[in-house]
There are 2 protein chains.
Amino acid sequence: MKKLQKRFDDFIALKSLKHTHQRNLIFDVFLNSDGHLSTEELYEKIKSIDSSVGQATVYRTMKLLCEAGIAHEIHFGDGLTRYEVDDSGKKHHDHLICTVCGKIFEFVDELIEQRQKELAKKYDFDLTSHRMYLYGVCADCRKKI
Amino acid sequence: MKKLQKRFDDFIALKSLKHTHQRNLIFDVFLNSDGHLSTEELYEKIKSIDSSVGQATVYRTMKLLCEAGIAHEIHFGDGLTRYEVDDSGKKHHDHLICTVCGKIFEFVDELIEQRQKELAKKYDFDLTSHRMYLYGVCADCRKKI
DNA sequence: TTATTTGCAAAGAATTTGCATGTCC
DNA sequence: GGACATGCAAATTCTTTGCAAATAA
């Protein structure tokens with residue numbers, strides 16, 4: 001993950017921002033989390049390490065990480081903003097969301113990616129990004145019912 | 001769209017609810033809109049017809065239409081809740097969203113539908129629903145730039 | 001009649017912002 | 001030192017809820 005650290009440093013330099021204890025902490029916690037944390041969950045994690053960090057700083061820093069191309073927002077439709085690592089080295093992936101336990105599985109599927117490009121071409125769209133969410137019940141939860 | 005009217009009536013009967021002027025109006029406006037309206041936009045349309053209708057009633061009625069299987073929520077990631085007609089007679093469709101003008105195109109693609117089912121099977125998920133959003137710039141907006 | 005519904009305004013939840021104070025460079 | 005960041009609390013935005021008055025069946 002050296003690349004993202006560099007991106008962080010470069011962005012801070014470019015925009016004449018400052019490295020602060022809080023920003024570094026939030027950056028670290030975010031990168032070491034599973035990448036689907038809501039702002040609230042991130043804030044909880046951060047507070048458990050340094051309780052003096054304010055919630056507004058978490059919001060502000062996550063916005064900043066998005067601008068820097070380190071994070072991006074994802075919305076699963078439950079009203080919460082979640083963040084995912086924007087690792088351009090990693091393939092684009094989609095999500096399977098268990099509507100019972102809330103678990104999120106990521107997967108990469110070339111056929112889908114390919115077809116999305118074809119569709120964009122067909123409808124004369126210049127594709128910038130895409131999201132696909134499959135909602136269902138995972139094997140574990142089906143057993144419990 | 002007789003089917004949805006019946007679904008509405010049946011739901012109201014089933015739950016011992018009442019047909020009210022407001023509910024009928026909201027139902028009509030919703031069905032005759034393009035199906036991607038936010039609550040705010042719906043409320044504006046409704047107010048222009050009957051300014052005495054309260055915003056809370058719009059929220060309450062849209063929830064009710066969702067429960068009745070007439071509407072469902074969609075989230076394009078801009079923080080607004082939008083509603084779409086839940087017409088099970090119509091094929092499932094996906095969305096192309098122009099990030100410049102905000103226009104939304106719907107399309108149906110059997111290959112995608114097919115592949116989603118395969119993927120759910122592969123990961124042992126019992127698929128209940130899915131959403132796919134393609135974000136990009138439409139042909140019209142590209143010309144303007 | 002009487003349970004349901006409504007509009008209003010107040011309450012909530014998630015997020016943003018203003019500002020005095022604190023911190024990085 | 002001075003610009004940038006922070007924490008706090010107040011402000012915003014979207015949505016829900018409590019309640020007295022209105023209405024459908």
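Reminder, nothing fancy here: chain letters follow the sequence lines and each chain counts from 1.
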Asker: Restricting to salt bridge (charged side-chain N to carboxylate O under 4.0 Å, His left out), what partner residues turn up for B/Asp10, sequence neighbours left out?
Answerer: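 Expected list: B/Lys6.
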Asker: Quick one: bend of the helix from C/dT1-D/dA25 to C/dC25-D/dG1 from 5 pairs per end, to 10°?
Answerer: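 Comparing the first five pairs with the last five, the axes sit 30° apart.
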Asker: Test B/Phe8 against B/His19 for side chain to side chain contact (heavy atoms under 4.5 Å, CB included), laying out the working first.
Answerer: CA-CA 9 Å; B/Phe8 185 43; B/His19 270 290; 4.0 Å; yes
Asker: Starting from P on D/dT23, measure out to CG on B/Asp50 and report it in whole angstrom.
Answerer: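 One finds 12 Å between P of D/dT23 and CG of B/Asp50, rounded.
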Asker: Describe, in one word, how the ring planes of B/Phe76 and B/His36 are oriented to each other, choosing from parallel (under 30°), tilted (30 to 60°) and perpendicular (over 60°).
Answerer: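 Plane angle between 30° and 60°, so tilted.
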Asker: Would you sort out whether B/Phe27 and B/Arg23 count as a side chain to side chain contact (heavy atoms under 4.5 Å, CB included), showing the intermediate values?
Answerer: CA-CA 6 Å; B/Phe27 175 82; B/Arg23 282 181 182 159; over 6 Å; no
Asker: Given the rule that I, L, V, M, F, W and Y join up when any side-chain heavy atoms are under 4.5 Å apart, are A/Phe125 and B/Ile97 in one cluster?
Answerer: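 Cluster IDs for A/Phe125 and B/Ile97 differ.
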Asker: Between B/Ile12 and B/Tyr59, which residue's closest nucleotide on DNA chain D lies nearer the 5′ terminus?
Answerer: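 Result: B/Tyr59.
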Asker: Quick check: does any side chain N or O of A/Arg131 sit under 3.5 Å from a backbone N or O of A/Ile74, one acting as donor and the other as acceptor?
Answerer: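 Here the side-chain-to-backbone pair does not exist.
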Asker: Does B/Thr39 have a side-chain nitrogen or oxygen under 4.0 Å from the phosphate oxygens OP1 or OP2 of D/dT15?
Answerer: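 For B/Thr39, the contact criterion (side-chain N or O under 4.0 Å from OP1 or OP2 of D/dT15) is met.
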Asker: Taking any atom closer than 4.0 angstrom to a non-hydrogen atom of chain A, what span of DNA chain C does the protein reach, first nucleotide to last?
Answerer: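 Range of nucleotides within reach of chain A: C/dA14 to C/dC25.
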Asker: Dump the intermediate steps for side chain to side chain contact (heavy atoms under 4.5 Å, CB included) on A/Glu84 and A/His95, then the final yes or no.
Answerer: CA-CA 12 Å; A/Glu84 197 168 65; A/His95 300 96; 2.6 Å; yes
Asker: Shorter than 3.5 Å, N or O on both sides, protein versus nucleotides 4-11 of chain D: list them out with atom names.
Answerer:
from	atom 1	to	atom 2	distance (Å)
D/dC4	O4'	A/Lys18	NZ	3.1
D/dA5	OP1	A/Lys18	N	3.2
D/dA5	OP1	A/Arg23	NH1	2.9
D/dA5	OP1	A/Arg23	NH2	3.3
D/dA5	O5'	A/Arg23	NH1	3.1
D/dA5	O5'	A/Arg23	NH2	3.1
D/dT6	OP1	A/Thr20	OG1	2.8
D/dT6	O3'	A/Gln22	NE2	2.8
D/dG7	OP1	A/Gln22	NE2	3.3
D/dG7	OP1	A/Ser52	O	2.9
D/dG7	OP1	A/Gly54	N	3.4
D/dG7	OP2	A/Gly54	N	3.0
D/dG7	OP2	A/Thr57	OG1	2.2
D/dG7	N7	A/Arg60	NH2	2.8
D/dG7	O6	A/Arg60	NH2	3.4

Asker: Output all residues satisfying salt bridge (charged side-chain N to carboxylate O under 4.0 Å, His left out) with A/Asp109, sequence neighbours left out; order by chain, then residue number.
Answerer: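 With neighbours one apart ignored, the set is B/Arg115.
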Asker: Indicate, with yes or no, if the rings of B/Phe105 and A/Tyr123 have centres closer together than 6.0 Å.
Answerer: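 Ring centres of A/Tyr123 and B/Phe105 not closer than 6.0 Å.
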Asker: Please enumerate all residues that pass salt bridge (charged side-chain N to carboxylate O under 4.0 Å, His left out) together with B/Lys103, with sequence neighbours excluded.
Answerer: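 Only B/Asp140 meet the salt bridge (charged side-chain N to carboxylate O under 4.0 Å, His left out) criterion with B/Lys103.
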